[in-house]
Amino acid sequence: TSRADGQCLACAGPTLDLESQRELLLDLAKRNILDKLHLSQRPTLSRPVSRAALRTVLQRLHGPPQGVLPEADRGQEYEIISFAQTGLSNVNQTRLDFYFSDRTAGGMEIQQASLMFFVQLPPNTTQTMKVRILVPGPHDTNLTLATQHLLEVDASGWHQLLLGPEAQAACSQRHLTLELVPEGQVAQSSVILGGAAHRPFVAARVRVGGKHRVRRR
Amino acid sequence: GINCQGGSRMCCRQEFFVDFREIGWHDWIIQPEGYAMNFCTGQCPLHVAGMPGIAASFHTTVFNLLKANTAAGATGGGSCCVPTTRRPLSLLYYDRDSNIVKTDIPDMVVETCGCS
């Protein structure tokens, strides 16, 4: 910010008293962080996350793949962990809804997305789990099946499923709906846990603002 | 780069820590607890324009120009004390949907200052 006489603050040395300078710098730091996160104001938390769920997630978050040199115009990369909002569920299936804030008007490019969920199984049993990806029909009518995956679950604990392009497209559209349907006779006794420390979540690696490379043929 | 100490009036880097609890942002920023933003301050008289560090050849050029044009004739533009190297800040925070987001924000920490 330049002063009335056109001098740039950095050239003319500190002209403010220390307290005003501190206020100015803190305000600058806030604005800098919000601008670079493409936020107009600081977020107000709609649904607090339990410390147990946070601890579970922090064990899974990892930095960018090592040795990846930052390319020019790579755009900003984010890792996003979205906890499931449990939708309509019954003993035969569990519906999970995930919401993603759009980072900028330019939209975001999902690099990779995977579902993490915790299953409690009776000892020495295996379970086939069907994971359905549902997307809104034309004109946002009710949800239709986009694709489904079968997953063999052979022990209690966390299980990961890498999500394909249909699910990634739904994440880019800011709302992803999944259905977990246990198959077979064990179905009744296997439980998909949703408690504080075992909430299912989607981990997505997202890029925003990178110039889309035109592939030359 | 040079860190500001005592009454130094020449261009230097002033350390400045932003504590997220102090600005009331500790509820949505999970990690870190704050960050060293730092800033550049101090004078850049014409005989040190383009200094220090990697701009040495540029500094020599400016210096020769000054000698050739004598200080009086030098343009009034002056040289400013600005960041010459900056580091990214790794942030873990909640977005408005209470998703947990991790990202590296570029150019957030001023490492060194110099005269433009």
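When atom types are taken as modelled, the side chain of B:Asn99 and the backbone of A:Tyr99 share a donor-acceptor pair closer than 3.5 angstrom.
With chain B as the partner, the residue from A:Val57, A:Thr44, A:Leu28, A:Leu25 showing the most heavy-atom pairs under 4.5 Å is A:Leu25. Contacts with chain A were tallied for B:Gln14, B:Met108, B:Gln31; B:Met108 has the most, counting heavy-atom pairs under 4.5 Å. Between chain B and the residues A:Val202, A:Leu54, A:Ile33, the largest count of heavy-atom pairs under 4.5 Å involves A:Ile33. Counting heavy-atom pairs under 4.5 Å between each of B:Ile23, B:Ile30, B:Ile29, B:Asp19 and chain A puts B:Ile23 at the top. For the options B:Ser116, B:Cys11, B:Ser98, B:Pro106, heavy-atom pairs under 4.5 Å to chain A are most numerous at B:Ser98.
Contacts between B:Asp107 and chain A at a heavy-atom distance below 4.5 Å involve backbone atoms as well as side-chain atoms. The parts of A:Ser82 that come within reach of chain B are both its backbone and its side chain, each placing non-hydrogen atoms under 4.5 angstrom from that chain. Looking at B:Tyr94, the atoms closer than 4.5 Å to chain A (heavy atoms on both sides) sit in the backbone and in the side chain alike. Within the 4.5 angstrom heavy-atom criterion, only side-chain atoms of B:Glu22, from C-beta onward, approach chain A.
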Quiz item: Given the rule in the side chain to side chain contact (heavy atoms under 4.5 Å, CB included) test, do B:Phe16 and A:Gln21 qualify, once you have shown the distances and angles that lead to the verdict?
Solution: CA-CA 11 Å; B:Phe16 184 79; A:Gln21 197 179 63; over 6 Å; no
Practice problem: Under the side chain to side chain contact (heavy atoms under 4.5 Å, CB included) rule, what do A:Leu37 and B:Tyr93 come out as? Steps first, then yes or no, please. | Solution: CA-CA 10 Å; A:Leu37 293 180; B:Tyr93 66 95; 3.7 Å; yes
Exercise. Output, in order, the C-alpha distance, side-chain angles, deciding distance and verdict of salt bridge (Lys or Arg N to Asp or Glu O under 4.0 Å) for A:Lys36 and B:Asp104.
Key: CA-CA 10 Å; A:Lys36 295 207 172 154; B:Asp104 292 335; over 6 Å; no
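In this structure, A:Arg42 and B:Asp27 have side chains that are in contact, with non-hydrogen atoms separated by less than 4.5 Å. At a threshold of 4.5 Å between non-hydrogen side-chain atoms, the residues B:Lys102 and A:Ile80 do not count as touching. Here the side chains of A:Leu58 and B:Leu92 are in contact, with some heavy-atom distance below 4.5 Å. For the pair A:Asn32/B:Met37, no side-chain contact is recorded, criterion being any heavy-atom separation below 4.5 Å from C-beta on.
Counting all heavy atoms, side chain and backbone alike, B:Val18 lies closest to A:Ala29 at CG2-CB, 3.7 Å.
Between the CG atom of B:Asp97 and the CZ atom of A:Phe98 there is a distance of 13.0 Å, given to the nearest 0.5 Å. For the atom pair CG of A:Leu26 and CH2 of B:Trp25, the computed distance is 10.0 Å after rounding to the nearest 0.5 Å. Rounding to the nearest 0.5 angstrom, the gap separating the CZ atom in B:Phe20 from the NZ atom in A:Lys30 is 11.5 Å.
Side-chain contact annotation: A:Glu77 with B:Thr103, donor-acceptor N/O pair under 3.5 Å absent.
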